[in-house]
Amino acid sequence: MIPLVRDTLTSLRRAYRASGADRPFGDPLPAHGVAMEGYFWRFTDPATGRVVIALDGVNRAADGTWSTLGLAAHPTGFLRTTVHPEGHAEEDRLGVVSGIAFRGSSDRLHVDLGPDARVDVAITDPVPWPRRSVGGSSVFQSVPGLNQYWHPWLLGGSARGEVTVGNDIWELDGWSVYAEKNWGKGGFPDAWWWGQAQGFEDPAVCVAFAGGEVTAGPLRTTVTALVVLLPGGRLVRLGDPVVSPVHADVTDERWSLHGRSAQWSIDVEGSGSLASAHVLPVPLPFERRNVPGAIEHLGARMRVTVRRRGVVVWEGESDVAALEHGGIDRARAEVTRRGHGPEAVDAPPLP
């Protein structure tokens, strides 16, 4: 009887996690086995204004897995994305492999999308997500079957290595590092917004937010999670709909977020020119193809104010912020407006 009960509980735990959910004090970094497991790295050098992003989405179709790969840079406007026929997300740790084109782990990133699109970087002095109880999605991480979950697992670190983006070869030694993971049962939501910034006067500060339409069966709501890692290492997270709601007002060129809890308030104001934004693809996992999905600024402006009981405890501004407005129809219209054909799934900034 005891082995039967043990096997039953093990099966229930596996089924629960395969829905995309993680129990409190669970580990959201290993793969869940849902339709899309997305991995994202961002490297920032405030001194030069340079930014590099790399992404790998491992997507699950009826006949196996495939990948959405991307590499982009600012201020050069470089962009390279592709569909890769292979994709593997590690089930026991943070890790993603797409053939020889993309390999990412907690301390290393290697990308080879051609001789002019390469990354070979080690990550040192990592600043991991500090809370074991819940991840970036907070209480929503325990709800099974959501269309999207989010976890910013690396809130700082130092890069050591080199990237090739077009005709440029950049040494990344000492650049700031941020990394996150997102996953869900059906790819991306119908609409979403996202942002991330380092490059403040205090280099230890990291800001990130993610919001959109969250669904699970008939349940549908809009949620925004907002995270600030303050000087000294204290993490403030708002976004639980009842106790710490965040209101977001977003366009393709402006992001305005206001979050409140009993003790804390966070205000974020961001802006960027639409012409300078990249249009990035998102996957349709079951169809094995990418479509235009996100308008993303890599070098935008973000101003953040954090108050505790009405008193400002920190405020700062970054000129190398990332700001994203997502939605397939919106992104496709922007790709078309820039003169690309109906089959195009991405677009670099306008010259």
Side-chain angles (χ1 to χ4, degrees), residues 38-46 49-57 70-75 104 109 121 123 126-130 135-137 148-159 172 175-182 188 192-212 223-230 235-239 246 248 250 252-257 259 266-272 276-278 280 282 293-306 314 316-326:
Y39 302 80
F40 177 86
W41 284 261
R42 187 168 189 262
F43 304 93
T44 306
D45 182 28
R50 294 174 178 175
V51 176
V52 175
I53 65 167
L55 60 91
D56 188 335
L71 181 66
H74 171 85
L109 180 64
V121 174
I123 299 170
V127 182
W129 177 264
S137 294
Q148 191 77 183
Y149 302 84
W150 175 70
H151 182 53
W153 61 270
L154 187 65
L155 302 178
S158 184
L172 267 63
W175 286 33
S176 298
V177 184
Y178 167 86
E180 67 176 46
K181 184 181 177 221
N182 68 308
F188 282 75
W192 70 93
W193 42 93
W194 172 88
Q196 191 275 325
Q198 289 158 298
F200 297 96
E201 182 177 357
D202 189 320
V205 173
C206 180
V207 178
F209 64 83
V223 177
T224 300
L226 173 57
V227 172
V228 179
L229 184 68
L230 292 169
L235 181 75
V236 181
R237 184 204 177 279
L238 304 179
V246 176
V250 177
D252 292 339
E253 297 189 314
R254 187 177 68 86
W255 287 252
S256 182
L257 283 73
I266 303 175
D267 297 312
V268 177
E269 298 293 335
S271 62
S276 65
H278 291 69
L280 303 179
V282 297
I295 297 170
E296 181 166 329
H297 303 255
L298 301 188
R301 175 169 293 182
M302 182 190 293
R303 181 162 187 82
V304 184
T305 303
V306 180
W314 177 82
E317 187 169 319
S318 172
D319 292 326
V320 285
L323 293 168
E324 180 175 292
H325 196 195

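- When side chains are defined from C-beta on, Q198 counts as touching Y178, because their heavy atoms get closer than 4.5 Å.
- Proximity of a side-chain donor or acceptor of H74 to a complementary backbone N or O of V51 within less than 3.5 Å is not detected.
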_Under the criterion side chain to side chain contact (heavy atoms under 4.5 Å, CB included), I'd like the reasoning laid out for L235 against L230: C-alpha separation, chi angles, the key distance, then a yes or no._
CA-CA 6 Å; L235 181 75; L230 292 169; over 6 Å; no
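- F200 and W314 have their aromatic ring centers within a separation under 6.0 angstrom.
- Counting all heavy atoms, side chain and backbone alike, G212 lies closest to W193 at N-CZ2, 3.7 Å.
- For W194 and F188, the ring centers are positioned 6.0 Å apart or more.
- Counting heavy atoms from C-beta on, the side chains of L257 and F209 come closer than 4.5 Å.
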Starting from the C-alpha separation in whole Å, work towards a yes-or-no answer on side-chain hydrogen bond (donor to acceptor under 3.5 Å, both in side chains) for W255 and S271. CA-CA 6 Å; W255 287 252; S271 62; over 6 Å; no
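- Under the 3.5 Å distance criterion, with hydrogens and angles disregarded, no donor-acceptor pair is assigned to the side chains of S158 and W175.
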- [ ] Start with the C-alpha distance between I266 and V304, add both sets of side-chain angles, then the distance that settles side chain to side chain contact (heavy atoms under 4.5 Å, CB included), and finish with yes or no.
- [x] CA-CA 7 Å; I266 303 175; V304 184; 4.1 Å; yes
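- Checking W129, W150, W41, Y39 one by one against E180, the side-chain hydrogen bond (donor to acceptor under 3.5 Å, both in side chains) holds for a single residue, W150.
- Using a 4.5 Å heavy-atom cutoff, the side chains of L226 and V236 are not in contact.
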Quiz item: Given the rule in the side chain to side chain contact (heavy atoms under 4.5 Å, CB included) test, do V177 and R42 qualify, once you have shown the distances and angles that lead to the verdict?
Solution: CA-CA 6 Å; V177 184; R42 187 168 189 262; over 6 Å; no
Note to self: Could you walk me through whether R301 and D319 satisfy the salt bridge (charged side-chain N to carboxylate O under 4.0 Å, His left out) test, starting with their C-alpha distance in whole Å, then the side-chain angles of each, then the deciding distance to 0.1 Å, before giving a yes or no?
What the structure shows: CA-CA 4 Å; R301 175 169 293 182; D319 292 326; 3.1 Å; yes
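- Salt-bridge check for E317 with R303: passed, with a basic side-chain N closer than 4.0 Å to an acidic carboxylate O.
- Atoms CG and CD1, from L280 and I53 in turn, are 5.0 Å apart once rounded to the nearest 0.5 Å.
- How far CD of Q196 is from CD of E296: 9.5 Å, rounded to the nearest 0.5 Å.
- Closest non-hydrogen pair, H297 versus D252, comes out as NE2-O, 2.9 Å.
- Between T224 and A248, the shortest heavy-atom contact is OG1-CB, 3.9 Å.
- Taking both residues in full, the closest heavy atoms of G135 and R237 are given as O-NE, 4.2 Å, listed atom of the first, atom of the second, then distance.
- When side chains are defined from C-beta on, L323 counts as touching M302, because their heavy atoms get closer than 4.5 Å.
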Notebook entry, point to check: Under the side chain to side chain contact (heavy atoms under 4.5 Å, CB included) criterion, do Y149 and N182 qualify, and how do the steps go?
Noted result: CA-CA 5 Å; Y149 302 84; N182 68 308; over 6 Å; no
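- Summarising the geometry, atom CD belonging to E253 is positioned 8.0 Å from atom OG belonging to S276; distances are rounded to the nearest 0.5 Å.
- The two atoms that bring P152 and G136 nearest to each other are CD-CA, 3.7 Å, heavy atoms only.
- The nearest pair of heavy atoms linking A54 to L109 is CB-CD2, 3.9 Å.
- For the atom pair CG (L55) and CG (L71), the distance works out to 8.5 Å, reported to the nearest 0.5 Å.
- Taking 4.5 Å as the limit, every side-chain heavy atom of V205 sits out of range of all side-chain heavy atoms of S318.
- The shortest distance between side-chain heavy atoms of F40 and D56 does not fall below 4.5 Å.
- For the atom pair CG (L155) and OG (S176), the distance works out to 12.0 Å, reported to the nearest 0.5 Å.
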